[in-house]
There are 2 protein chains.
Amino acid sequence: MDAPGAAPADRGPQQERSRATRQRLLEAAVECLAQTGAAGSTVGAVAERAGVSRGAAQHHFRTREDLFTAALRHMSQTRLDDLRCRAAGLPEGRSRTEAVVEMLVDAYSGPEFDAALQLWSAAANDPRLRTHVIPLEEHIGREAHRAAVELLGADESKPGVREAVRATLDLARGLGLAGLLTDDRARRRGVIRQWAAMLERELAEKRRDSGRR
Amino acid sequence: MDAPGAAPADRGPQQERSRATRQRLLEAAVECLAQTGAAGSTVGAVAERAGVSRGAAQHHFRTREDLFTAALRHMSQTRLDDLRCRAAGLPEGRSRTEAVVEMLVDAYSGPEFDAALQLWSAAANDPRLRTHVIPLEEHIGREAHRAAVELLGADESKPGVREAVRATLDLARGLGLAGLLTDDRARRRGVIRQWAAMLERELAEKRRDSGRR
DNA sequence: AAAAACAAGCACGCGTGCTTGTTTTTCTCC
DNA sequence: GGAGAAAAACAAGCACGCGTGCTTGTTTTT
């Protein structure tokens, strides 16, 4: 028996439990998208994965649209956090460009990318979902671009440098897409290495141009 | 009144009409995927767009899965035909590399790419659909790669050349994905130009390496 | 007459949103 | 501090619409 006034096991303040339930629902929604696709991500499936009932899920998110809109925001925040995490601790020296390219490719791979892709596909033909996806994805893209410029020491005042960084992000998305249905990692390593070499040469040449003035 | 024995207007041999109906159903299925997404592409919607009844659609394709499997094959063939078409008539000279890159990007853009992307997303979590998508997509990828190598005059015996061509195809997919929800064409032009410049330099350098021996 | 193409309708399962019900927690008043 | 009401969190069940696959029916063609 608990001490007088103590909450029972695994129970805390109701607000905390509410927050925890919402969090579990959001994480479950993202996992569902990645593993069963948009079509398989029913409210019932998400609730089951979160360990609550459909009624509980509905208490927190009135409609399916509300749930997945919130899941989209949650996932976008997680992807930004992951990007910042990855940006720390990159090596210096010869392999830095390759490490930056690899970091960007990682940002567009894995279960969260799979989940995001499901939402993009759904958003292509759902105007309301699309109004949520577009600004969040643009924000992530801008952050990724900014991080890449900074980590590469790229001088965007030089012609072509911005486009080269943009191309790197587009390559990352393309590799993510190519990896959607098959294990693409061996092929991907060669592509990353080659592109990093080309990118490094381009950026070095632009830096030399600057030195000549 | 028709001449004795002549078919009424718009009717031909039954086999021909059957073939035409199937063709219209397949084209309608691809258009549905591109415009209403996988979730919106019901058999009823496809039949309506094809101008036939659901019963007629079912006569030709017993299940929804049969219909979309056939539509996938149809669309893959169309994409290959389009690729071959685009490969003809590319310019020589300085802008050839850029034209080839643009051709590849075009191969991963537009309504058929939108439809393909819907099927890829659905296939990510549908093992049966996935067994159909993977070989067809690999085939298209190989054809696109082969065409690119030929059109660029790329020497794949040189290290890095194959990976550079692979990277170009991955860029094409990435640009297609980036253009899924927004009109990306202005940004895309800059990326293509810069990428082509970097690719051309890389290929030219590899050709000079060959000449030095 | 038989087969093929086409069309209409039926039964079923599924998923969503809503309503109703239960349990737990919080708050107010005495 | 305890009782009781209210609110919140959670759960169960219902009604409805939708889409698929199948059956039945009709028309056209062979």
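Bear in mind the structure is a predicted one, so any value in this text is a computation, not a measurement. Just so we're on the same page: letters track the sequence lines, and every chain starts at 1.
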Rounded to whole Å, CZ of B:Phe61 lies from P of D:dC22 at a distance of 16 Å

Original post:
Does A:Gln35 CD have over 12 foreign heavy atoms under 6.0 Å away?
Top reply: yes

Would you say a side-chain N or O of A:His59 is under 4.0 Å from OP1 or OP2 of D:dC10?
-> no

Here the distance between atom C1' of D:dC10 and atom CD of A:Glu48, to the nearest Å, is 16 Å

Between B:Thr182 and B:Asp184, do the side chains contain a donor N or O and an acceptor N or O under 3.5 Å apart? no

With the side chain defined as heavy atoms from C-beta on, B:Arg62 is closest, among D:dT20, D:dC22, C:dA5, to D:dC22

Presence of B:Ser53 side-chain N/O under 4.0 Å of C:dC6 phosphate oxygens OP1/OP2
no

> Is any side-chain N or O of A:His60 closer than 4.0 Å to OP1 or OP2 of D:dC10?
Replying inline: yes

Within the structure, does a side-chain N or O atom of A:Thr21 lie under 4.0 Å from either OP1 or OP2 of D:dC10? yes

Looking only at N and O atoms, is any donor in the side chain of B:Gln58 or the base of C:dC6 less than 3.5 Å from an acceptor on the other one? no

B:Arg64 atom CZ is separated from D:dC18 atom C1', nearest whole Å, by 13 Å

Checklist line | D:dA8 phosphate, OP1 or OP2, under 4.0 Å from A:Ser18 side-chain N/O | finding: no

From CZ of A:Arg17 across to C1' of D:dA8 the rounded distance in Å is 9 Å

A:Glu16 atom CD is separated from C:dT25 atom P, nearest whole Å, by 14 Å

Under a 3.5 Å limit on both distances, the Watson-Crick or wobble mate of D:dT30 is C:dA1

note: B:Glu65, atom CD; D:dG21, atom P; distance rounded to Å ~ 9 Å

Does CZ in B:Arg62 sit with more than 12 non-hydrogen atoms of other residues, nucleotides or ligands closer than 6.0 Å? no

Per atom distances to the A:Ala56 side chain, the nearest of C:dA7, D:dA11, C:dT16 is D:dA11

> Is there a salt bridge (Lys or Arg N to Asp or Glu O under 4.0 Å) between B:Arg24 and B:Glu27 once you walk through the steps?
Replying inline: CA-CA 5 Å; B:Arg24 287 208 310 281; B:Glu27 290 168 1; over 6 Å; no

Paired to D:dG21 by Watson-Crick or G-U wobble criteria (both distances under 3.5 Å) is C:dC10

Answer for the Watson-Crick or wobble partner of D:dA5, both distances under 3.5 Å, is C:dT26

Check: A:Arg54 side chain, C:dG15 base, donor-acceptor under 3.5 Å
no

| query | Using a distance-only test with no angle check, is there a side-chain donor-acceptor pair under 3.5 angstrom linking B:Gln77 and B:Asp81? | reply | yes

To the nearest angstrom, the CZ-C1' distance between A:Phe68 and C:dG15 comes to 12 Å

